[in-house]
There are 2 protein chains.
Amino acid sequence: MRISQNKLAYIEEAGLMFEKLGMTRMTGRVLGYLLVCDKDAVTFDQILETLKASKGSVSNSTRQLIQIGFIEPVTFPGDRKTYYRMSDIEIDEILRNRMKLFSDFSSVLAKGRSVKERDDAVSKWLLEASVFYSWVESQIDEVIERWQQEKESIMNQHLEKKS
Amino acid sequence: MRISQNKLAYIEEAGLMFEKLGMTRMTGRVLGYLLVCDKDAVTFDQILETLKASKGSVSNSTRQLIQIGFIEPVTFPGDRKTYYRMSDIEIDEILRNRMKLFSDFSSVLAKGRSVKERDDAVSKWLLEASVFYSWVESQIDEVIERWQQEKESIMNQHLEKKS
DNA sequence: TATTTTGTTCAATACATACTGAACTTAGTA
DNA sequence: TACTAAGTTCAGTATGTATTGAACAAAATA
């Protein structure tokens, strides 16, 4: 049973997307495959074959994805293979991680201000920008909390809109 | 008048930060220099010398930064040089641009669901995740609006906290 | 018009890093 | 214990792209 052309195309798309997000293309492909494979779990070999990639490359990608928490290894008694499947990671986790970039960015801006030797329009901008980014970060925390509380209702609202 | 060691170190830091954000290191350096140079505007040559980079590289970086709107060229009558300075870009603009990634990400997730041939836990996750990201995007729009309205009071709150 | 100054363009290079493939480790099976 | 299967590691290669530097363009000056 070979995988559909559709899905292969999707896997490539996922690879490019994850590359844009700063991960490797191959890691994106493996995740894309796990997302759309329509199997409960897949073996290392299945990944190899489907993506036509090397063992080493797949080994790196699975490790990275496990580390981030996107996927998890599964094993079965009487079967020495390791299977991989999507873990039931909460989506807001992923966002929360990415938001760390904001506080880094905010710090760099703040530090810039401290390096300056005169107080000018740029100083003012640096202050404002660093406050803005750390404020936004705190607001996003609140947004995420609201999501957790109102998830069902938001989902329903969204589905209604489509009909 | 040579630039301080402090500032040079900061410029490198800015380079690394902007590299993390997907721009080139040199572009980050040029922006870092413009931020902390404590001059109203600097010439192409000053950038060259300070960063010890090539004309081509600086030319690329300034063009890129002008394009994004971070810096602007300035000229003066009787002076054939072009000067560059920070433009008074609104910080929320920058955030708004980055948020486009979210709708892209959301689309990829939604597309993944449409490629699947069975309705399982992953399908459910894909739906939830794509709704989540487009919802978050809309929430951030609201956050930005609130910033525009309450900017002064937020800044004051922040400054009080520090004291 | 010839010359000098300022900045751009583009082919070549340098650099970083993702990927490969072979050798190795680990653990189950005979 | 020897053998086989599954996955990892790592040195080398391939690939993409940032940077350089030389040649060029544009425009002011003499």
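Numbers restart at 1 for each chain; the letters A, B, ... are given by sequence-line order, proteins then strands. Here the structure is a predicted model, which is why all the values come from computation and not from measurement.
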What does Thr82(A) touch in the nucleic acid at a heavy-atom separation under 4.0 angstrom: a base, only the sugar-phosphate, or nothing? sugar-phosphate
Mind calculating the distance between CG (Asn60(A)) and P (dT8(D)) to the nearest angstrom? 9 Å
Rounding to a whole Å, what distance do you find between Arg63(B):CZ and dA18(D):P? 12 Å
Could you pull out all residues at least two apart from Ser61(A) that satisfy side-chain hydrogen bond (donor to acceptor under 3.5 Å, both in side chains)? Thr27(A)
Geometric class of the Trp135(A)/Trp147(B) ring pair [parallel <30°, tilted 30-60°, perpendicular >60°]: tilted
d(CG, Leu48(B); P, dG21(D)) in whole Å: 11 Å
Provide, to the nearest angstrom, the distance between the CD atom belonging to Glu49(B) and the C1' atom belonging to dT20(D). 17 Å
What heavy-atom pair brings Val115(A) and Tyr10(B) nearest, and what distance separates the two atoms? CG2-CB, 4.2 Å
Using a cut-off of strictly less than 4.0 Å, decide whether Thr24(B) has a side-chain nitrogen or oxygen near OP1 or OP2 of dT17(D). no
Return the value, rounded to whole Å, for the distance between atom CG of Asp45(A) and atom P of dG7(D). 7 Å
For the CG atom on Asn156(A), are there more than 12 heavy atoms of other groups (residues, nucleotides or ligands in this structure) within a distance under 6.0 Å? yes
Are Ser123(B) and Asp120(B) close enough that a side-chain donor and a side-chain acceptor fall under 3.5 Å? yes
Students often get this wrong, so: under 4.0 angstrom with heavy atoms, is Lys55(B) touching a base, only sugar-phosphate, or nothing? base
Of Thr43(B) and Ala53(A), the one whose nearest nucleotide on DNA chain C sits closer to the 5' end is Thr43(B)
Are Asp40(A) and Arg118(B) close enough for a salt bridge, meaning some N to O gap below 4.0 Å? yes
Bounds of contact between DNA chain C and chain B, in 5' to 3' order, using a heavy-atom cut-off under 4.0 Å: dT4(C) to dT9(C)
Between dT20(D) and Ser57(B), is there an OP1 or OP2 to side-chain N/O distance shorter than 4.0 Å? yes
Spacing between Tyr84(A) atom OH and dA6(D) atom P, to the nearest angstrom: 12 Å
Could you say whether Met26(A) or Gly78(A) is positioned toward the 5' end of DNA chain C, judged by the nucleotide with the nearest heavy atom to each? Met26(A)
Euclidean distance, atom CD of residue Gln46(A) to atom P of dA5(D) [Å, nearest integer]: 18 Å
Picking from dT20(D), dA5(D), dG7(D), which would you name as closest to the side chain of Arg80(A)? dA5(D)
Rounded distance (Å) that lies between atom P of dA14(D) and atom CZ of Arg25(A): 18 Å
Give the ring-plane orientation class for Tyr84(B) versus Phe44(B), where under 30° counts as parallel, over 60° as perpendicular and anything between as tilted. tilted
